[in-house]
Protein chains: 2
Amino acid sequence: MTSKPRAPRSQRYNPASEDFHKEDFPFYWLNQVHGRYSVAVEKALKKVNLDIPRWRILFTLKEEGTCSVSQIAVHAIAKLPTVTKIIQRMKQDGLVDTRVRSDDGRVTEVMLTEKGINAVEDIRFITKDLFKQSFKGMTEAKIKRLNKLLEELFHNLPEHYS
Amino acid sequence: MTSKPRAPRSQRYNPASEDFHKEDFPFYWLNQVHGRYSVAVEKALKKVNLDIPRWRILFTLKEEGTCSVSQIAVHAIAKLPTVTKIIQRMKQDGLVDTRVRSDDGRVTEVMLTEKGINAVEDIRFITKDLFKQSFKGMTEAKIKRLNKLLEELFHNLPEHYS
DNA sequence: AATATTTACTTGAACATTCAATTAAAAATG
DNA sequence: CATTTTTAATTGAATGTTCAAGTAAATATT
């Protein structure tokens with residue numbers, strides 16, 4: 001049995017294709033949004049003497065509670081040596097504290113300090129307008145749809161390996 | 001005339017709200033997708049001795065043709081001194097060439113070399129599977145919808161800062 | 001036309017990230 | 001139960017990014 005000829009699918013969103021156009025490629029828009037978003041957040045964070053890596057770790061700890069260094073690396077999507085060094089800086093800044101896990105001497109547990117908790121609140125306040133502006137004119141259904149689509153893309157992408 | 005009482009809108013996607021859940025926040029998923037995507041692309045690029053910044057500039061030049069350093073900075077969403085130095089490295093690697101614009105001595109024009117053009121082709125080849133996998137199970141309509149939503153978000157975000 | 005301002009880019013120093021190697025604790029194996 | 005392997009994190013060297021300051025060309029102002 002010969003295979004049925006399929007209707008030719010558009011390849012406009014496929015970078016390997018000849019008729020590729022970046023505007024039809026979701027990762028193009030993803031990068032563009034991520035770029036603008038990062039610049040805007042960076043600018044806001046500078047006001048409270050913070051940056052994106054520190055902010056990501058603060059929010060990871062706020063959402064997940066006390067974490068090991070490698071758990072933070074997974075949630076904040078950063079490399080382990082990078083996280084180690086950011087944590088060292090954040091500890092110097094008094095934003096987090098660390099201790100060795102009692103039942104496993106290899107793991108370093110990281111937790112928010114009072115100052116760290118306050119920083120999270122400060123950030124919420126200074127980024128409020130940005131997020132409000134970002135979703136202007138978008139219904140809740142639309143936001144939900146966007147979340148679902150991004151989540152779908154996320155699960156299609158390879159989980160990071162060692 | 002008094003304003004009509006509005007139904008209370010959910011604030012689950014608003015980080016400043018008390019009932020915030022990161023899974024309902026599009027930028028959470030955006031970051032997650034961006035993270036996995038970057039790790040995957042990074043890994044693929046390493047095979048041809050390239051990295052994401054170089055790749056972004058290669059594709060900018062491929063899409064836009066000869067560009068000034070600051071045009072590249074805009075398209076690749078990077079800072080000007082960063083681009084200057086990446087271009088210097090790429091020039092050493094033989095991927096691009098530069099010249100001073102004839103009618104304006106301040107601007108540095110950057111263009112792809114033969115080696116740069118070949119690199120673009122190599123990258124297309126080695127990332128083909130990744131992109132195919134990324135959109136697995138997604139119809140063209142879905143991809144289009146995702147593009148539209150991301151584009152909408154993009155236009156809501158502030159263009160630049162001074 | 002001389003001077004000031006703006007634009008485009010580059011540079012050096014400070015800072016951040018990454019890779020490869022290392023330490024040290026826990027778990028698995030013979 | 002000693003030894004190997006695995007896991008968790010850290011460190012130092014190399015590399016990359018960013019800020020602030022500087023150069024130089026183009027444009028604007030007086």
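Numbered from 1 within each chain, the chains take letters A, B, ... in sequence-line order. This is a predicted model, so every value here is computed, not measured.
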Among residues 91-99 of chain A, which ones have heavy-atom contacts with DNA chain D below 4.0 Å? none
Could you state the CD-P distance from Gln88(B) to dA8(C), rounded to the nearest angstrom? 19 Å
Can you see if the side chain of Thr108(B) gets near the phosphate of dT10(C) - specifically, an N or O under 4.0 Å from OP1 or OP2? yes
In whole angstroms, the gap separating P of dA8(C) from CD1 of Ile87(B) amounts to 17 Å
Just how far, in rounded Å, is P of dG16(D) from CD1 of Ile52(B)? 13 Å
Return the set of residues passing side-chain contact (heavy atoms from CB on, under 4.5 Å) with Lys115(B) (not counting sequence neighbours), or none when no residue passes. Leu95(B), Thr113(B)
How many whole angstroms separate atom CG of Leu50(B) from atom P of dG16(D)? 12 Å
Apply the test side chain to side chain contact (heavy atoms under 4.5 Å, CB included) to residues Phe59(A) and Arg124(A): give CA-CA distance (whole Å), side-chain angles for both, the deciding distance (0.1 Å), then the verdict. CA-CA 10 Å; Phe59(A) 263 82; Arg124(A) 280 200 206 223; 4.3 Å; yes
Take atom CE of Met90(B) and atom C1' of dT15(D), then tell me their distance rounded to the nearest Å. 16 Å
Residues passing the side-chain contact (heavy atoms from CB on, under 4.5 Å) test with Gln32(A), sequence neighbours excluded, are Tyr28(A), Trp29(A), Ile77(B), Phe154(B)
Report, as a single string ordered 5' to 3', how protein heavy atoms within less than 4.0 Å touch nucleotides 12-19 of chain C: B base, S sugar-phosphate only, - not at all. BB--SSBB
Nearest-angstrom distance from the residue atom CZ of Arg101(A) to P of dT10(D): 13 Å
What's the separation between atom CZ in Phe135(A) and atom CG in Leu130(A), rounded to the nearest 0.5 Å? 8.5 Å
Given Lys148(A) and Glu151(A), is the side chain to side chain contact (heavy atoms under 4.5 Å, CB included) satisfied, shown in steps? CA-CA 5 Å; Lys148(A) 277 274 162 290; Glu151(A) 194 180 346; 3.7 Å; yes
Given the rule in the side chain to side chain contact (heavy atoms under 4.5 Å, CB included) test, do Leu149(A) and Met138(B) qualify, once you have shown the distances and angles that lead to the verdict? CA-CA 9 Å; Leu149(A) 287 165; Met138(B) 294 177 84; 4.1 Å; yes
When rounded to the nearest 0.5 angstrom, what is the spacing between CG in Asn156(A) and NZ in Lys136(B)? 8.0 Å
Just to verify, what does Thr98(A) make a side-chain contact (heavy atoms from CB on, under 4.5 Å) with, not counting sequence neighbours? Ile87(A), Lys91(A), Thr108(A), Val110(A)
Scan nucleotides 21-25 of chain C against the protein and return all N/O pairs shorter than 3.5 Å with their distances rounded to 0.1 Å.
from    : atom 1 : to        : atom 2 : distance (Å)
dA25(C) : O3'    : Gly105(A) : N      : 3.3

Polar-atom pairs under 3.5 Å, protein N or O versus N or O of nucleotides 1-5 of chain D: list them with distances, or write none.
none

Scan the side chains in residues 48-57 of chain B for donor-acceptor partners under 3.5 Å anywhere in the protein, sequence neighbours excluded, and list what turns up.
from     : atom 1 : to       : atom 2 : distance (Å)
Asp51(B) : OD1    : Arg54(B) : N      : 3.1
Asp51(B) : OD1    : Arg54(B) : NE     : 3.2
Asp51(B) : OD2    : Arg54(B) : NE     : 3.3
Asp51(B) : OD2    : Arg54(B) : NH2    : 3.2
Arg54(B) : NH1    : Asp93(B) : OD2    : 3.0
Arg56(B) : NE     : Ala76(B) : O      : 3.4
Arg56(B) : NH1    : Asn31(A) : OD1    : 3.2
Arg56(B) : NH2    : Ala76(B) : O      : 2.9

Could you list the residues that satisfy side-chain hydrogen bond (donor to acceptor under 3.5 Å, both in side chains) with Lys79(A), not counting sequence neighbours? Glu42(B)
Which part of the nucleic acid, if any, lies within contact of Thr84(A), taking any heavy atom under 4.0 Å across all strands shown: a base, the sugar-phosphate backbone alone, or nothing? base
Expressed in angstrom and rounded to an integer, what is the separation of Leu80(B) atom CG from dT23(D) atom P? 17 Å
side-chain hydrogen bond (donor to acceptor under 3.5 Å, both in side chains) with Asn118(B): which residues, sequence neighbours excluded? none
For Arg101(B), give me all partners under side-chain hydrogen bond (donor to acceptor under 3.5 Å, both in side chains), at least two apart in sequence or on another chain. Glu109(B)
How close do Thr127(A) and Ala44(A) get, heavy atom to heavy atom, and via which atoms? CG2-CB, 4.3 Å
Salt bridge (Lys or Arg N to Asp or Glu O under 4.0 Å) contacts in which one or both residues fall within residues 59-77 of chain B, not counting sequence neighbours: Lys22(A)-Glu64(B)
